[in-house]
Structures are given as C-alpha cells and as structure tokens.
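Here the structure is a predicted model, which is why all the values come from computation and not from measurement. Values below: every heavy atom of this structure, side chains too, minus hydrogens, waters and symmetry copies. In this chain, residues are counted from 1 in sequence order.
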Amino acid sequence: MPYWQDEFSTGHRNSEGHLDVSASQSAMIVSILSAGTFFGALTAAPVADAIGRRWGLIASTSLVFNLGVILQTAATEIPMFVAGRFFAGFGVGLISAMIPLYQSETAPKWIRGVIVGAYQFAITIGLLLASIVNNATQHRNDTGSYRIPIAVQFAWSIILISGMLLLPETPRYLIKKNDLHAATVSLAKIRRLPQDDPAIAEELAEIQANHNYELSLGKTSYVDCFKGNLLKRLLTGCCLQGLQQLTGINFIFYYGTQFFKNSGFHNSFVISLITNCVNVASTLPGLYAIEKWGRRPVLFWGAVGMCVSQFIVAILGTTTTGQDDLGNIIVHNLAAQKAAIAFICFYIFFFAASWGPVAWVVTGEIFPLKVRAKSLSMTTATNWLLNWAIAYSTPYLGGCCFICIAFVYFFIYETKGLTLEQVDELYAEVSEARKSITWVPTITFRQIQEGKGAEEMEVEHIPQKV
C-alpha cells in the first residue's frame, strides 16, 4: 500500500527510495497484534466465568475489538495505529478462546465436532475475503487503501453481536451459576424441544450431577489446572495448539509462494487466491471426517499427509533450483517446480482437513466444567504465542510433522460421540490415549450422585485404569 507508506512514514526511506516505515516500526506494528491476542486469550477465562460465555463474546466484540478497529481506521500516525492493533488483537484473543468454549458447551455430542470445527472454516473464509479486499484497495491513492479493509471488519462484528443477542447462554455455564431454570430454558431452546421433554431433563440432570461431583472435590483456581489429571489435559491442549502452528503451515503460506513464482506465477494476488481457495475447500471434508472417523485418525493421517507432502516439496526445492552470484533463483527443472506446487496444495489440503479444525475441537472437549474456561484460554494463548514466534523460525520447522504423528498416537484421546461429561469420565478411567478407542461409558455421574452403581464402579471401572 504505497499510500499507507507515505501516510505513516516518519521520514525513513526503503531500498527503492520510497517513503516507508522503518524495520523497527514495522516489527512493532506486526508484533503488537500478536501481543494483544496472547493477553486477550488469557483474559478470556475470568471474563467468561464472570459474565458468561454469551455476554463475554458480546462485550469482547462490541467494546474491545471494535475499539481497535475504530482506532486503526481513524489513525493517521503510527502511535494511534499501534494502539488500535493492540486492542483489536486483544479482542481477537478474547473471542478466539470464547467461541470454541461456547460451541462445545452448547452443541449436541453427535455433531459437536462439526460445529466447533466450523470455527476454523470461518477463519479460512475470512483469510480468503481479506486477501480479495486487500488486493482491491491496495493501489488506491487515498485513505481508502487502508481504511476500507480495516473498517470492513465492522460488518463481521455486527453479525457476531447480532447472532449472540439471539442465542441463549450455555446451559453448562448456567448450571455452574446454580440457575437450573435458566439452564432448562436455554437447553430447550438450543435443542428445539419443550422444556418438560424427558431428553432435556436427562441431559440437565447429568450436567448437574457432574458439576456437583466436581464441587465435592473443592473449589478450583488456576493452580488446579496444573495438578494431576488436569495437568495432563492442559499439556495435551497446549501441545496440540502449539503443534498446529509448528506443522509449518505458515511456511507454506509465506515462503511457498516462491515455488509459484519459479513456475511463472508472478502475481502475488493470484498465488494468495489459489492457496486460500484450497484452504477453504479442504476444510469441508475435514468437518465430515471429524464425526465419521473420529479425532485421532483424522489428526494422525493428516499429520502423515503433511509430513510426506512437506518433505517432497523440500526435496524438489533443493534439488531442482540454484542461485547465481547475485542471489537470484535459477530453476533447473520447471516440471519439478510445478510438481512442488501440486504438493504444496496437497499439504494445505491435509492441514485444512485435519489439524486446522480438529485442534479446536479437541481443546474444546477435554476439560471439565470447573476449569474449562481457564484451561481453554491457556491453550488458545499457546496458539497465538507460537503464531508469533514461528514468524522468526518457520524455515527450520520441517521435521515437526513427525512429532505430530507421535503426539497423536500417545496423547490424543478419542472423544467422538461422547458428551463432555463422558469425556471427563474417560480421562478418569483410561490412562493411555491409544486405549481410549475401545472405551465406552458404563455409569453416569447422576448414578454416582444417587448412590447407584457403586458395586459396578468397583468391579468394572477400576480394571480399566491402564
């Protein structure tokens, strides 16, 4: 955006002699957004526990995120623009932790994976639309070159706020606040059933019993997230979100463009459009596979596909290109470069169909109600932290997909078709993730609370601890 460079430059000129921001100013503008998302994600837990998931999302969007958009849109100098970037990032961090939290606490078990995974699908659509808007406005010789792509974010915030005003609070949060009547109304509205329907009463009774069981163990704080079984789940969630970034997807989107240019694609917008379209379209089969095949196989084979594609791209890149004395890329085999483009698209497909959506699904499922907001905020903050850090180390992350394969095999529990309360029971009974595939729930928290099935618990549950 030449106009933006002229507008915000403090006198520095780039290598082409054009007014521009300095390297340090550019780094600050870029990094301040990541700082905002990190701290926003961590703040999501106390906000969501204090005023609720629904009002937390409304406040985060209408007050925090929109404030950042307003400041960036109105800015004509770097300080205000940077402030806007921070508040926008802070809002994004809050929202990114609360949306999977809201989705997982309201969705029925048979479609929960698709609903939470749709969060990633929306992200891919947003990236595609941002690419189109930026390309359409970047050469404008007025403030519209940067104000239009920034201000268009108001449209999406209005949609989110309007939707949340129509939707109820999550029944699990209302149970946590001991408001059974409101929880009944909420669940009945979400399930589109009468409030006196037996299915509503049964689901609420299990949620209530699970919550009472957790309360019997004492009050919880952030310290409890780092103890025993909850620490195992927290580490699983943080590592999963971290590895989602470490897969190298940023390398493909930022550095993989060179393969397109080597093959004759010199229009950066065309390259961006191709990769973003593949990203959007590939997320759809992943949403189907989440509930059809389960979390473990989708993550496992997704990591295998990414690993193979990534190494083929690396091999083709190092064996069919070179550099002249001036550092310019020399292509020795054009066909090999076109093959590399194909495998870049395969890589994006495997990521978008597996690690892209499923990481959000798993982290939204594995934590019990008493620490769900706290733990989920920390896993989301890990994602944003690695997102920032990888910008400086992406070229050296090629082998991380091997780690992803092993991580899924040893640490990811299969939670397909289970309620959130049954997931809690799963972690209590099965100590090895690979054995979670054959586990089936044998007793409910309501039965435990009512004093039934004690003998069954003793006979059947203890042997499953492996």
Review point. Would Phe154 and Val69 satisfy side-chain contact (heavy atoms from CB on, under 4.5 Å), going step by step from the backbone distance to the final call?
Key: CA-CA 8 Å; Phe154 281 123; Val69 174; 3.5 Å; yes
**Study point:** Residue pair Ile290, Val358: steps toward the side-chain contact (heavy atoms from CB on, under 4.5 Å) verdict
**Key:** CA-CA 7 Å; Ile290 288 171; Val358 181; 3.7 Å; yes
Practice item. Give the intermediate values and the outcome of side-chain contact (heavy atoms from CB on, under 4.5 Å) for residues Val308 and Ile312. Key: CA-CA 6 Å; Val308 172; Ile312 289 176; 3.9 Å; yes
Practice item. Go through Arg53 and Met98 one step at a time and tell me if the side-chain contact (heavy atoms from CB on, under 4.5 Å) criterion holds. Key: CA-CA 6 Å; Arg53 285 62 161 137; Met98 289 188 205; 5.9 Å; no
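Taken from OG1 in Thr236 to CD in Gln241, the straight-line distance is 12.0 Å, to the nearest 0.5 Å. In this structure, Gln208 CD and Ile175 CD1 are separated by 4.5 Å, a value rounded to the nearest 0.5 Å. Between atom SG of residue Cys401 and atom CE of residue Met306 there is a gap of 4.5 Å, rounded to the nearest 0.5 Å. Taking CZ of Arg172 as the reference point, atom OG1 of Thr106 lies at 8.5 Å (rounded to 0.5 Å). A distance of 7.5 Å separates CZ of Arg296 from CD of Glu414, quoted to the nearest 0.5 Å. Taken to the nearest 0.5 Å, the CZ atom of Phe90 stands 11.5 Å off from the CG atom of Leu67.
For the pair Ile99 and Tyr102, the minimum side-chain heavy-atom distance is 4.5 Å or more. In this structure the side chain of Pro168 reaches within 4.5 angstrom of the side chain of Ile190, judged on heavy atoms. Side-chain contact between Asn387 and Phe38 is absent, with no heavy-atom pair separated by less than 4.5 Å. A heavy-atom distance below 4.5 Å is not found between the side chains of Thr137 and Tyr146. Under the 4.5 Å side-chain criterion, counting only non-hydrogen atoms from C-beta, Phe81 is in contact with Ile150. Residues Leu230 and Pro368 have side chains in contact (heavy-atom distance under 4.5 Å, counting atoms from C-beta outward). Side-chain contact between Thr363 and Thr380 is absent, with no heavy-atom pair separated by less than 4.5 Å. Contact annotation: the side chain of Trp355 approaches that of Leu299 to within less than 4.5 Å [non-hydrogen atoms, C-beta and beyond].
Thr61 contributes no side-chain N or O that, together with a main-chain N or O of Ile58, makes up a donor-acceptor pair within less than 3.5 Å. A donor-acceptor pair is defined here as one N or O able to donate and one able to accept, closer than 3.5 Å; no such pair exists between the side chain of Glu105 and the backbone of Thr170. The main-chain N or O of Leu418 is found under 3.5 Å from a side-chain atom of Arg112 such that the two form a donor-acceptor pair. Between the side chain of Thr379 and the backbone N or O of Cys238 there is no donor-acceptor pair closer than 3.5 Å. Put simply, the side chain of Tyr413 never gets that close to the backbone of Val423: no donor and acceptor are under 3.5 Å apart. A distance-only check finds a donor-acceptor pair linking the side chain of Ser104 to the backbone of Leu101 [under 3.5 Å]. Side-chain atoms of Gln72 come within 3.5 Å of backbone atoms of Gly68 as a donor-acceptor pair (strictly under, hydrogens ignored). Between the side chain of Ser436 and the backbone N or O of Glu432 there is no donor-acceptor pair closer than 3.5 Å.
Remark: the Trp384 side chain and the Ser34 side chain contain no N/O donor-acceptor pair separated by less than 3.5 Å. No side-chain donor-acceptor contact under 3.5 Å links Asn210 and Glu206. For the residue pair Trp439 and Glu429, a side-chain donor N or O sits within less than 3.5 Å of a side-chain acceptor on the partner. No side-chain N or O of Ser186 forms a donor-acceptor pair with one of Glu169 less than 3.5 Å apart. Side chains of Ser131 and Ser272: a donor on one and an acceptor on the other come within 3.5 Å. A side-chain donor-acceptor contact under 3.5 Å links Asn66 and Ser157.
Between Asp424 and Arg233 there is a salt bridge, since at least one side-chain N of the basic residue sits less than 4.0 Å from a carboxylate O of the acidic one. Under 4.0 Å is where a charged nitrogen must lie from a carboxylate oxygen, and between Lys416 and Glu291 no such pair does. Salt bridge Asp49/Lys176: present, at least one basic N to carboxylate O contact under 4.0 Å.
A side-chain contact (heavy atoms from CB on, under 4.5 Å) with Ile274 holds for exactly one of Val270, Ile271, Asn276; it is Val270.
The nearest pair of heavy atoms linking Val362 to Arg295 is CG2-CG, 3.8 Å. Here the closest heavy-atom approach between residue Gly248 and residue Gln310 is recorded as CA-NE2, 4.0 Å. A pairwise comparison of heavy atoms in Ala45 and Tyr222 identifies CB-OH, 3.2 Å as the closest pair. Of all heavy-atom pairs spanning Leu287 and Pro357, the tightest one is CD2-CB, 4.3 Å. Pairing each heavy atom of Val280 with each of Ile125, the nearest pair is CG2-N, 3.9 Å. Across all their heavy atoms, Ile95 and Ser60 have their closest contact at CG1-CB, 4.1 Å.
Ring-centre distance between Trp55 and Tyr173: not below the 6.0 Å cut-off. The six-membered or imidazole ring of Phe87 lies away from that of Phe65, with a centre-to-centre distance of 6.0 Å or more. Remark: aromatic rings of Phe343 and Phe346 are close, center separation under 6.0 Å.
Atom CH2 of Trp4 sits in a crowded spot, with more than 12 heavy atoms from other residues, nucleotides or ligands closer than 6.0 Å.
Residue pairs meeting the ring pair (Phe, Tyr, Trp, His ring centres under 6.0 Å) criterion with at least one partner in residues 358-379, sequence neighbours excluded, are Tyr119-Trp360.
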Side-chain donor/acceptor pairs under 3.5 Å, residues 402-411, sequence neighbours excluded:
none

